[in-house]
Amino acid sequence: MGEDVRTEIVKLTQRLLDSIAVGDWETYQSLCDPGLSAFEPEARGHLVEGLAFHKFYFDLGKAQTPRCNTICSPHVRLLGPDAAVISYIRIVQYLDGSGVPHSACSEETRVWHRQDGRWQHVHFHRSATA
Ligand code: GLY
């Protein structure tokens with residue numbers, strides 16, 4: 001049972017990252033608790049709460065070039081039947097303005113909470129790798 005949940009959490013996280021990559025706000029929103037809290041470089045050291053901060057980037061429109069998100073070495077810790085923490089390195093492959101491919105890496109921890117039978121993303125922390 002624990003292994004099935006771990007696999008589900010990895011898949012949900014990949015779905016979340018894919019929704020960001022293609023600018024799919026509907027999917028991103030459906031996976032997130034409205035009170036999502038986050039530390040990420042874009043917030044310059046502040047804890048942001050709610051989805052408006054994240055929607056700003058989706059509203060800028062879809063990326064004109066492809067992006068590929070890879071989850072490396074995921075570690076899933078179950079905190080009970082309805083809560084899980086996943087930590088991993090995220091690699092984003094993208095093209096610069098000249099069409100040259102680059103990779104950006106970050107450390108991410110995301111917390112999922114099952115509410116009324118549905119997993120919802122409730123908190124994350126992203127740091128750029130050194
Ligand atoms: N910046 C949105 C996210 O990483 O979930």
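Quick note: residue numbers are just sequence positions, from 1. Remember, it's 1-based here, ligands and their atoms both numbered in the order they're listed. Keep in mind that the numbers below use all heavy atoms, side chains included, and drop hydrogens, waters and symmetry copies.
Between H123 and F39, the ring planes lie perpendicular to each other; the angle is over 60°, past the 30° to 60° tilted range.
Of the heavy atoms in H125, none comes closer than 4.0 Å to ligand 1. With a heavy-atom cut-off of 4.0 Å, L17 does not touch ligand 1 at all. Residue contacts with ligand 1, taken as heavy atom pairs separated by less than 4.0 Å, do not involve E108 at all. When non-hydrogen atoms are compared, ligand 1 lies under 4.0 Å from the side chain of Y28 (C-beta onward) but not from its backbone.
Taking every heavy atom of H54 and a limit of under 4.0 angstrom, the matching atoms of ligand 1 come to 1 (N), 2 (C). Within ligand 1, the atoms closer than 4.0 Å to a non-hydrogen atom of F124 are 1 (N), 2 (C), 3 (C), 4 (O), 5 (O), numbered from 1 in the order shown.
Within the 4.5 Å cutoff, no side-chain heavy atoms of F124 are placed close to those of E108. Proximity of Y28 to L16: side-chain heavy atoms (C-beta onward) are separated by under 4.5 Å at one or more points. By the 4.5 Å heavy-atom criterion applied to side chains, I89 and S73 are not counted as neighbours. When side chains are defined from C-beta on, Y88 does not count as touching V10, because their heavy atoms never get closer than 4.5 Å.
Using a non-hydrogen distance threshold of 4.0 Å, R126 registers as a contact of ligand 1.
The nearest heavy-atom contact from the protein to atom 1 (N) of ligand 1 is E40 OE1, 2.9 Å. Protein heavy atom at the shortest distance from atom 4 (O) of ligand 1 is R110 NH2, 2.8 Å.
The two residues L95 and P101 have their closest heavy-atom pair at CD2-CA, 3.7 Å. Taking every heavy atom of both residues into account, H121 and L36 meet most closely at O-CD1, 3.5 Å.
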